[in-house]
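Remarks on the structure that follows.
Not measured: the values here are computed from a predicted model. Every chain is numbered from 1 and lettered A, B, ... according to where its sequence line falls, protein lines coming before strand lines.
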4 protein chains.
Amino acid sequence: MSAPPETAATAGRPRSREAHRAIIDATLELLSEVGFSALTVESVAARAGVGKATIYRRWASKLLLVVDAFGELPALEDVDTGSLQGDLETMLGRYIENFNTTPLATVLPSLAGERASSSELDVFDQVLSRRREPLRAAFQRAVARGEVAADLDIALAGDLVVGPIAVRLYFTGARIHPDIVVPMVEMALRGILASPKAASES
Amino acid sequence: MSAPPETAATAGRPRSREAHRAIIDATLELLSEVGFSALTVESVAARAGVGKATIYRRWASKLLLVVDAFGELPALEDVDTGSLQGDLETMLGRYIENFNTTPLATVLPSLAGERASSSELDVFDQVLSRRREPLRAAFQRAVARGEVAADLDIALAGDLVVGPIAVRLYFTGARIHPDIVVPMVEMALRGILASPKAASES
Amino acid sequence: MSAPPETAATAGRPRSREAHRAIIDATLELLSEVGFSALTVESVAARAGVGKATIYRRWASKLLLVVDAFGELPALEDVDTGSLQGDLETMLGRYIENFNTTPLATVLPSLAGERASSSELDVFDQVLSRRREPLRAAFQRAVARGEVAADLDIALAGDLVVGPIAVRLYFTGARIHPDIVVPMVEMALRGILASPKAASES
Amino acid sequence: MSAPPETAATAGRPRSREAHRAIIDATLELLSEVGFSALTVESVAARAGVGKATIYRRWASKLLLVVDAFGELPALEDVDTGSLQGDLETMLGRYIENFNTTPLATVLPSLAGERASSSELDVFDQVLSRRREPLRAAFQRAVARGEVAADLDIALAGDLVVGPIAVRLYFTGARIHPDIVVPMVEMALRGILASPKAASES
DNA sequence: TCGTAAGCGAGACGGTACGTCGAGTCTTGCT
DNA sequence: AGCAAGACTCGACGTACCGTCTCGCTTACGA
């Protein structure tokens, strides 16, 4: 992250926190309004009441600015309901709400798409994996509770749960309806819970 | 699609099929070489040995050109092995190979990302749903065989199967290893096959 | 213009002459309306109801077309009043009228200007010298009458008479007022008539 | 003229004087080499080592740029020899030399021709009249000396002297030979000096 | 307390690509 | 073979952004 460094000992005028905030805010506003590919650094500067150099002093490129702004958008939020199904339904239900209340639904695909053809977006990977951390945590709790097999491929299980949302988000112009969460989690969870051994026993 | 229209009787010199092909081919080549966001219409024109106007006469924007070129990249390929699991493993296995042999792995996320913040990509939706049609067909065969419940939500089932691939494609820089297909299909399929009714019966 | 030709003749060039006229007329109209530098061959073709190829079959370039069209604009008109002064005043007076009734005032400078930086306008020279021929003729009559010195540099004399008009036409946006002709001719003529010998005798 | 304004206190980075000079110089060079109508803004930018936007920031069009560059080409140069004839012969003689040493011979007709069909060239008029100022001054000195009639139409007299040069410059591809100056001035001057009154006296 | 080093808004800079337009050529089918 | 229509290549247009670079100013720290 490029938050104003705490490191001291720098001479000269310190970087303005207000400018930093104004830039991030303007970026998020504009992402909502015009989308990612129509976003220009010049418009961000104008909206934030800031010179372009002030932006480039903090971020090396427009992309990295947007990645940082994206980092302020709501991610999966950890919830411990006591059961895996409860955790997943709550977490994903809340997360989906963000698609309608923040530019997340456009920014996330845009950045992911850009990452595919850009090499400078290693940063993006870290942001993404951090954002999915609560999901991993929920699975680990389930393992600890003995709710799922100990040798469960947690990464794959996570992808299975999140997959349908990703597919609809990327491949569909339509909004994702919140009601889909329950059947979606249910179906994915059956696949996850029914370990091969259990399946053969039944 | 902007394939030369079947409508006849147009006055004037007809549009050149060679130019059309050369443009699409150049686009695909350049997508492989430099990726989507570094692709320029000018470079396509130069590579195809074509004037820019000839491109813009056919496609209103770089984006629509790329969508059309994308339409020529390999999609899911229908295979009927007799079992749902066989179908899915074969289809997805083959499809994943394309990520390493075509620009698909960069173009698909790029276009999906662009669609999120662009309104002119309605076309893209049609292309995408056509490309997924074989998946739907495989599920319908399974329904006909009684292999899965008749009231299965086929769209959701499809998303569940494809989801993990999408997640890894979009959110990871890493290549998708072909070996993941078998466990991936297995896990998804367990969720799909274990219908609520069957589960309560057992 | 697309009405079926009345000519009974079969193949060949049934509309050839009409097309030629239509092209020249359209060119002159458009020169009046939009001026030389905004004139496009495409607009001429459209106005004339003619294909571009039909124009290029006759003229090698837009410039040569305009030169030809220019050739149809009124030139100096030979008049024999019996005296040099009478000839010049009449001829120039009439000529100046054309500046207000034809696109001459814009086309002539435009072509002259183009000639300066274009090598293909040799043709233009011939057209120009033909257009000035009546002036030369008037001077030769004056020589024959003994009205001017036999060794008069007729070319220079012509330039002197026409010069002020040229200067005003080229260097001034203002229209040339017809009343200027009389004093202009008078002043030039005094320079021409007062031969060095006559001057020394007086 | 677009010389850097004297107005102070403008925010932001000031416009580069070097860029300005480089653009004008490149324009003049290219005018010499390829002529007016083959001059492109892109080539000027390339030659000057400047972005196109830097040119368009200063001049609204190629035409206005060339007008400004033209303003730096040598004009009539005021000379006071004591006699009108001496002044004119010297001034015009020197001026004609410029036709062979600068792009003047092509730029002047080109601009004049363009002015005829373009409304944005009001600027050009001012440049032209400033350039002819020395001629007017010479005539006024002659009036003061009593060398010519006090009521002489100076504008007309100027046009008469300059006229033959203009005619040959515009209507002839041939170079203007310096030797023509003496007879040309002589003939024009006789017309100017021989006032109507003097003529009637003789 | 004051110099100085860096940050600040503004906006010009060199580039690069955009999407448009026109010149002059070529290719249809019709006459 | 000429014609109207219109697509073709080429190349310039004028615009818009990118990321960098001055300008003339604050603004805080350290001497």
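- Considering only heavy atoms from C-beta on, Thr102(D) stays 4.5 Å or farther from Ser32(D) through its side chain.
- Checking dC13(E), dC8(E), dG24(E) against the side-chain heavy atoms of Ser61(C) singles out dG24(E) as nearest.
- Mapping Gly12(B) and Gly51(B) onto DNA chain F by nearest heavy atom places Gly12(B) at the nucleotide closer to the 5' end.
- As rounded to whole Å, 14 Å separates atom C1' of dC18(F) from atom CG of Leu64(A).
- The CD-C1' distance, from Glu18(D) to dC23(F), rounds to 14 Å in whole Å.
- The only option from Val107(B), Val41(B), Val44(B) that meets the side chain to side chain contact (heavy atoms under 4.5 Å, CB included) definition with Val66(B) turns out to be Val107(B).
- We find the CZ-CD1 distance between Arg57(D) and Ile23(D) to be 9.5 Å, quoted to the nearest 0.5 Å.
- Heavy atoms only, all atoms of each residue included: Val34(C) and Leu39(C) are closest at CG2-N, 4.1 Å.
- Ala53(A) comes within contact range of at least one nucleobase, with a heavy-atom separation under 4.0 Å.
- Taking every side-chain heavy atom of Pro14(D) into account, dC23(F) is the closest of dC23(F), dG2(F), dA5(F).
- Residue Arg58(D) places at least one side-chain N or O closer than 4.0 Å to OP1 or OP2 of dC13(E).
- Defined by atom type and a distance below 3.5 Å, a donor-acceptor pair is missing between the side-chain atoms of His20(D) and Arg15(D).
- A heavy atom lying under 4.0 Å from DNA chain E marks none of the residues of residues 28-42 of chain A.
- Each of dG9(E), dC13(E), dC13(F) was ranked by its minimum atom distance to the side chain of Arg57(D); first place goes to dC13(E).
- Between Thr54(B) and dA7(F) there is no side-chain polar atom (N or O) within less than 4.0 angstrom of OP1 or OP2.
- Under 3.5 Å, the side chains of Glu42(D) and Thr40(D) contain no donor-acceptor pair of N or O atoms.
- The nearest heavy atom of DNA chain E to Tyr56(B) and to Tyr56(C) marks one nucleotide each, and the one closer to the 5' end goes with Tyr56(B).
- Atom CD1 of Ile55(C) and atom P of dA4(F) are 9 Å apart (whole Å).
- Rounded to an integer number of Å, the gap from His20(D) NE2 to dA12(E) C1' is 14 Å.
- Atom pair Arg21(D):CZ and dC13(E):P shows a separation of 15 Å (rounding to whole Å applied).
- Atom CG in Leu65(A) sits roughly 10 Å away from atom P in dG19(F) (whole-Å rounding).
- A cation-pi contact links Lys62(A) to Phe36(A), judged by a cut-off of 6.0 Å to the six-membered ring centre and 45° from its axis.
- Summarising the geometry, the separation between CD1 on Ile23(B) and C1' on dT9(F) is reported as 12 Å, rounded to the nearest angstrom.
- Between the base of dG24(E) and the side chain of Lys52(C) there is a donor-acceptor pair shorter than 3.5 Å.
- We find that CZ of Arg15(B) is positioned 17 Å from P of dG29(E), with the value rounded to whole Å.
- Glu114(D) and Ser37(C) share a side-chain donor-acceptor pair at under 3.5 Å.
- You'll find that the side chain of Ser16(A) is closest to dC8(E), out of dG19(E), dA12(E), dC8(E).
- Between the side chain of Arg13(A) and the base of dC8(E) there is no donor-acceptor pair of N/O atoms closer than 3.5 Å.
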